[in-house]
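To start, the structure under review is shown below, and the notes come after it.
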Amino acid sequence: MTTAVIDVVDNPEAQQFQARVDGHLAFAEYRLIKGAILFTHTEVPEALGGRGIGSALIQAGLKAARERELKVMPVCPFFAAWFGKHPEDRDLLHPSYRTALGL
């Protein structure tokens, strides 16, 4: 099985990382605060479920956080769960969220 590359773009006006796939819009909402990025909500249309689009949104968001030297505050449960499964990204967690997530 081949995996299609999912093109994720940052739309700063909407404060979202977005992926348009098969006519649908999937997104991860964020808010920038001093020294951090707060991920508030991720939405992948049901028609796109199970295709790795949510993971692609998270990876794009984390890449941007790393490049901008921002700590990540995952309010969104989907983002928060990522850190439980991906210890390699935990260095990005804001210290208060590391404690809250028990990591």
Side-chain angles (χ1 to χ4, degrees):
M1 180 178 148
T2 59
T3 304
V5 174
I6 299 161
D7 186 30
V8 177
V9 297
D10 183 6
N11 181 340
E13 288 184 9
Q15 296 185 60
Q16 296 177 344
F17 287 93
Q18 301 175 335
R20 290 193 184 277
V21 180
D22 296 341
H24 298 279
L25 176 65
F27 60 87
E29 289 182 339
Y30 65 85
R31 300 293 175 265
L32 293 173
I33 59 176
K34 186 175 181 179
I37 185 167
L38 182 76
F39 287 100
T40 58
H41 179 68
T42 304
E43 191 166 316
V44 176
E46 193 174 322
L48 301 179
R51 294 170 57 179
I53 294 166
S55 293
L57 291 167
I58 289 177
Q59 290 170 335
L62 297 181
K63 180 177 186 251
R66 198 173 294 285
E67 289 171 353
R68 298 173 192 170
E69 298 182 357
L70 299 173
K71 289 297 181 185
V72 173
M73 303 171 83
V75 174
C76 169
F78 188 64
F79 258 86
W82 178 270
F83 289 100
K85 298 173 187 170
H86 296 272
E88 69 276 11
D89 291 323
R90 291 181 189 159
D91 64 303
L92 288 170
L93 276 173
H94 187 279
S96 64
Y97 280 79
R98 182 183 299 268
T99 301
L101 294 173
L103 301 173

Rounded distance (nearest 0.5 Å) linking atom NE2 of H41 with atom CZ of R31: 11.0 Å

R51 and D22: CA distance, side-chain angles, deciding distance, side-chain contact (heavy atoms from CB on, under 4.5 Å) verdict: CA-CA 12 Å; R51 294 170 57 179; D22 296 341; 3.0 Å; yes

Q15 vs T40 side-chain heavy atoms within contact, under 4.5 Å: no

Shared hydrophobic cluster, L101 / Y30 (ILVMFWY, side-chain heavy atoms < 4.5 Å): yes

V44 versus G49, closest heavy-atom pair with distance: CG1-N, 4.4 Å

Nearest atoms (heavy-atom pairs only) where R98 meets D91: NH2-CA, 3.6 Å

Nearest-0.5 Å distance, CG of residue D10 to CD of residue Q18: 8.5 Å

Listed partners of R90 passing side-chain hydrogen bond (donor to acceptor under 3.5 Å, both in side chains), at least two apart: none

From CD (Q16) to CD (E13), nearest 0.5 Å: 11.5 Å

Inter-residue atom distance E46.CD - H24.NE2, 0.5 Å rounding: 10.5 Å

Heavy-atom closest pair, residues L57 and A19: CD2-N, 4.0 Å

Transitive ILVMFWY side-chain link L32 to F27, under 4.5 Å: no

Shortest non-hydrogen contact between L70 and L92, atoms and distance: O-CD2, 4.1 Å

Y97 vs V75, side-chain contact (heavy atoms from CB on, under 4.5 Å): CA-CA, chis, key distance, verdict: CA-CA 9 Å; Y97 280 79; V75 174; 3.5 Å; yes

Verdict with supporting geometry, F78 and F39, side-chain contact (heavy atoms from CB on, under 4.5 Å): CA-CA 10 Å; F78 188 64; F39 287 100; over 6 Å; no

Verdict with reasoning, L38 to H94, per side-chain contact (heavy atoms from CB on, under 4.5 Å): CA-CA 10 Å; L38 182 76; H94 187 279; over 6 Å; no

Considering all heavy atoms, the nearest F17-A64 contact: CZ-CB, 3.6 Å

Heavy-atom closest contact (T42 atom, C76 atom, distance): OG1-SG, 3.3 Å

With a cut-off of 3.5 Å and sequence neighbours excluded, list every side-chain donor-acceptor pair involving residues 79-88.
from	atom 1	to	atom 2	distance (Å)
W82	NE1	D89	OD2	2.9
H86	ND1	E88	OE2	3.0

